[in-house]
Amino acid sequence: MTLATGNALDGKDAVLRRQHSRESSARTYARTFPIVPVRAEGMTVEGADGRRYLDCLSGAGTLALGHNHPVVLEAIRRTLDSGAPLHMLDLATADKDDFTSVLFENLPKGFGDRARVHFCGPAGTDAVEAALKLMQTATGRRGLLAFTGAYHGMTAGALAVTGNVAVKEPLPSGGEVTRLPYPYDYRCPFGVGGERGAELSAAYVERLLDDPAGGVLPPAAMILETVQGEGGVVPAPDAWMREMRRITAERGIPMIVDEVQTGAGRTGAMWAVEHSGIVPDAMVLSKAIGGSLPLAVVVYREDYDAWRPGAHTGTFRGNTLAMAAGAATLRHIAAEGLAERAAVVGARMTARLEGLRASLPVIGDVRGRGLMLGVELVDPGAEPDSCGARPADPHLAARVRAACLSRGLIVELGGRHDAVLRLLPPLTITDEQAEAVLDRLADAIEEAATGTDVAGGRL
């Protein structure tokens with residue numbers, strides 16, 4: 001876009017004013033990041049005013065390889081230069097065949113050899129809709145099992161199984177959903193925390209489903225995240241995941257795992273379910289699998305392929321460029337061992353954040369998996385609950401986010417009260433960039449918490 005004036009800063013402000021006057025009030029990231037990006041490479045974003053930022057949002061986890069990675073750009077250019085059709089609905093193309101092949105080659109062991117894939121609309125929420133409809137069709141049941149803290153998308157069915165009350169409240173009910181307690185060590189729903197909290201969660205689920213007076217009809221499916229991203233970067237214990245798989249398998253309940261944000265190496269494995277060793281009945285995939293371009297699929301066991309032609313359709317299911325970019329991304333992640341590196345770098349960043357927690361009492365908890373990290377900010381002067389957790393401090397979190405931005409670091413918030421700093425750097429983050437992220441974050445937390453800048457002056 002050509003800036004409106006010769007002055008870059010004035011041009012940026014003009015663009016932001018037009019966005020404010022033209023776009024809907026539902027816009028989100030634009031409210032807290034007044035940036036007009038003009039260039040981006042790897043983890044670095046440059047704004048129209050010449051400022052540079054380290055991007056720890058990565059398109060909400062979409063940019064597994066960062067911005068404009070050479071592997072992705074080469075795949076896009078090669079496809080454009082080949083004259084391949086860029087839009088072919090759901091017809092077979094060479095690019096779709098290649099993407100499907102590399103996807104199946106990298107699926108969890110024991111899953112891909114008996115799986116089918118359905119290409120959905122371009123967003124993960126449509127793949128969630130497809131997975132729910134598929135299991136309702138295959139089982140002939142309507143009800144669904146979902147968890148507290150869950151986020152699965154913003155369309156009707158996906159929103160029904162989402163836990164966030166604020167986004168659901170103005171809308172009519174999305175159907176019969178039984179809400180189950182997700183294990184959250186720091187804020188345990190049973191007030192005990194640790195392994196015992198996860199054990200109680202599993203016991204509650206099993207007893208509720210077996211209780212003839214529990215009010216739960218045999219459900220069409222259970223849907224869950226292995227790490228709740230928008231819910232505050234809350235990882236499910238591996239043993240609990242295995243229990244959910246046992247409980248659902250023994251009762252003939254299909255298990256859908258939402259890997260929209262956790263997939264493609266993010267958590268230190270190609271798919272987050274691999275940490276626990278379970279094999280789900282369906283996986284919902286989007287974000288990183290498109291190599292930065294819109295792509296969403298649901299992969300499921302062939303036993304459940306009960307759809308009639310056209311049962312779930314959409315115009316933009318044949319995004320050739322996204323398939324080419326996605327195939328190149330998945331190959332690169334596998335060939336370069338980026339999932340394994342995510343585990344190593346993530347562990348190193350977590351250790352330093354834990355050290356920071358010891359010196360800054362406003363950090364209540366540090367958690368996550370791989371390069372999907374969360375830092376929960378609290379009011380250190382308030383009374384702790386039965387697990388020792390103090391009340392969340394969303395106002396402090398907002399100040400930290402702003403202080404990060406002023407230091408050239410983009411981080412977003414999540415969690416029950418928007419009090420969790422979420423770190424989603426690209427899998428290609430260098431050691432130097434990881435240190436820079438933590439340096440800037442530490443300074444921002446200290447400044448926001450104490451009112452003192454790093455030079456020691458009062459703000």
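Since this is a predicted model, take the numbers as computed values, not measurements.
Using a 4.5 Å cut-off on side-chain heavy atoms (C-beta onward), V378 and Y186 make contact. Side-chain contact check for L405 versus I35: some heavy-atom pair is nearer than 4.5 Å. With a 4.5 Å cut-off on side-chain heavy atoms, K109 and E274 do not count as touching. Between E250 and E206 there is a side-chain heavy-atom pair separated by less than 4.5 Å. In this structure the side chain of V192 reaches within 4.5 angstrom of the side chain of R196, judged on heavy atoms. Two residues are said to be in side-chain contact when any heavy atoms from C-beta on lie closer than 4.5 Å; H118 and H312 meet this criterion. Looking at Y151 and Q228, their side chains never come closer than 4.5 Å, going by heavy atoms from C-beta outward. Within the 4.5 Å cutoff, the side chain of R78 has no heavy atoms near those of the I76 side chain.
Under the 6.0 Å cut-off for aromatic ring centres, W271 and F111 do not qualify, their centroids lying 6.0 Å or more apart. Between H87 and F316, the distance from one ring center to the other falls under 6.0 angstrom. A centroid separation of 6.0 Å or more is found between the aromatic rings of Y204 and W240.
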- May I have the step-by-step check of side-chain contact (heavy atoms from CB on, under 4.5 Å) for T178 and L208, ending in yes or no? CA-CA 10 Å; T178 299; L208 179 65; 4.0 Å; yes
- Yes or no on salt bridge (charged side-chain N to carboxylate O under 4.0 Å, His left out) for E336 and R341, after CA distance, side-chain angles and deciding distance? CA-CA 9 Å; E336 297 298 318; R341 174 162 170 77; over 6 Å; no
- Just do the side chain to side chain donor-acceptor pair (under 3.5 Å) check on T313 and R317 with the steps written out, would you? CA-CA 8 Å; T313 188; R317 294 180 294 152; 3.0 Å; yes
- Evaluate the criterion side-chain contact (heavy atoms from CB on, under 4.5 Å) for residue pair H67 and D55; output intermediate values, then yes/no. CA-CA 9 Å; H67 295 274; D55 184 1; 2.8 Å; yes
- Item | D98 vs R331, side-chain contact (heavy atoms from CB on, under 4.5 Å): CA-CA, chis, key distance, verdict | CA-CA 11 Å; D98 184 55; R331 283 197 175 95; 2.6 Å; yes
- Message: Does E376 form a side-chain contact (heavy atoms from CB on, under 4.5 Å) with R367? I'd like the steps, not just the answer.
- Response: CA-CA 8 Å; E376 184 159 353; R367 56 182 179 261; 2.8 Å; yes
- Run the salt bridge (charged side-chain N to carboxylate O under 4.0 Å, His left out) check on D379 and R390 step by step: do they pass? CA-CA 6 Å; D379 178 356; R390 300 183 189 277; over 6 Å; no
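Aromatic ring pairs are classed by plane angle as parallel below 30°, tilted from 30° to 60° and perpendicular above 60°; the pair Y300 and W307 is perpendicular.
Residues Y182 and T148 come closest through the heavy atom pair N-OG1, 3.0 Å. Contact detail for K96 and D90: the closest heavy-atom pair is NZ-O, 3.1 Å. Of all heavy-atom pairs between P425 and S58, the closest is C-OG, 3.5 Å. In terms of heavy-atom proximity, V298 sits nearest to A127 at CB-O, 4.1 Å. Residues A220 and R141 share a closest heavy-atom pair of CB-O, 3.5 Å. Nearest heavy-atom pair across L371 and M349 is CD2-SD, 3.9 Å.
Under a 3.5 Å cut-off, the side chain of T125 and the backbone N or O of M154 do form a donor-acceptor pair. Put simply, the side chain of R187 never gets that close to the backbone of A389: no donor and acceptor are under 3.5 Å apart. Looking at N319, its side chain does come within 3.5 Å of a backbone N or O of P294 through a donor-acceptor pair. Side-chain atoms of Q261 do not come within 3.5 Å of backbone N or O of G229 as any donor-acceptor pair. When atom types are taken as modelled, the side chain of T100 and the backbone of D97 share no donor-acceptor pair closer than 3.5 angstrom. Formation of a donor-acceptor pair under 3.5 Å by the E259 side chain with backbone atoms of V273 is found in this model. No donor-acceptor pair closer than 3.5 Å links the side chain of T162 to the backbone N or O of N164. S201 places a side-chain N or O within 3.5 Å of a backbone atom of P181 that can act as its donor or acceptor partner. Between the H417 side chain and the A419 main chain, no donor and acceptor come within less than 3.5 Å of each other. Looking at T79, its side chain never comes within 3.5 Å of a backbone N or O of A324 through a donor-acceptor pair.
At a cut-off of 3.5 Å, with distance as the only test, a side-chain donor of T267 or H275 sits close to an acceptor on the other residue. No side-chain N or O of R31 forms a donor-acceptor pair with one of T28 less than 3.5 Å apart.
Looking at residues two or more places apart in sequence or on another chain, you find a salt bridge (Lys or Arg N to Asp or Glu O under 4.0 Å) between D210 and R251.
R308 CZ: 12 or fewer foreign heavy atoms inside a 6.0 Å radius. Residue-environment remark: CZ (R207) stays at or below the threshold of 12 foreign heavy atoms within 6.0 Å.
Ion pair K133/D126 not flagged as a salt bridge, since none of the NZ, NE, NH1 or NH2 atoms sits closer than 4.0 Å to an Asp/Glu carboxylate oxygen. Taking 4.0 Å as the cut-off between side-chain N and carboxylate O, R369 and D238 count as a salt-bridged pair. Using a 4.0 Å cut-off between charged side-chain N and carboxylate O, E412 and R422 make no salt bridge.
The CZ atom of R357 sits 8.5 Å away from atom CD1 of I363, with the distance rounded to the nearest 0.5 Å. In this structure, CZ on F190 lies 11.5 Å from CD on E199, to the nearest 0.5 angstrom. In this structure, CG in L421 is found 10.5 Å from CG in D418, a value given to the nearest 0.5 Å. Note that the CG atom of D365 and the CD atom of E354 stand 7.0 Å from one another [nearest 0.5 Å]. Atom-to-atom distance recorded for I256:CD1 and H152:NE2 is 9.0 Å, nearest 0.5 angstrom. Remark: M283 CE to L103 CG distance equals 8.0 Å, nearest 0.5 Å.
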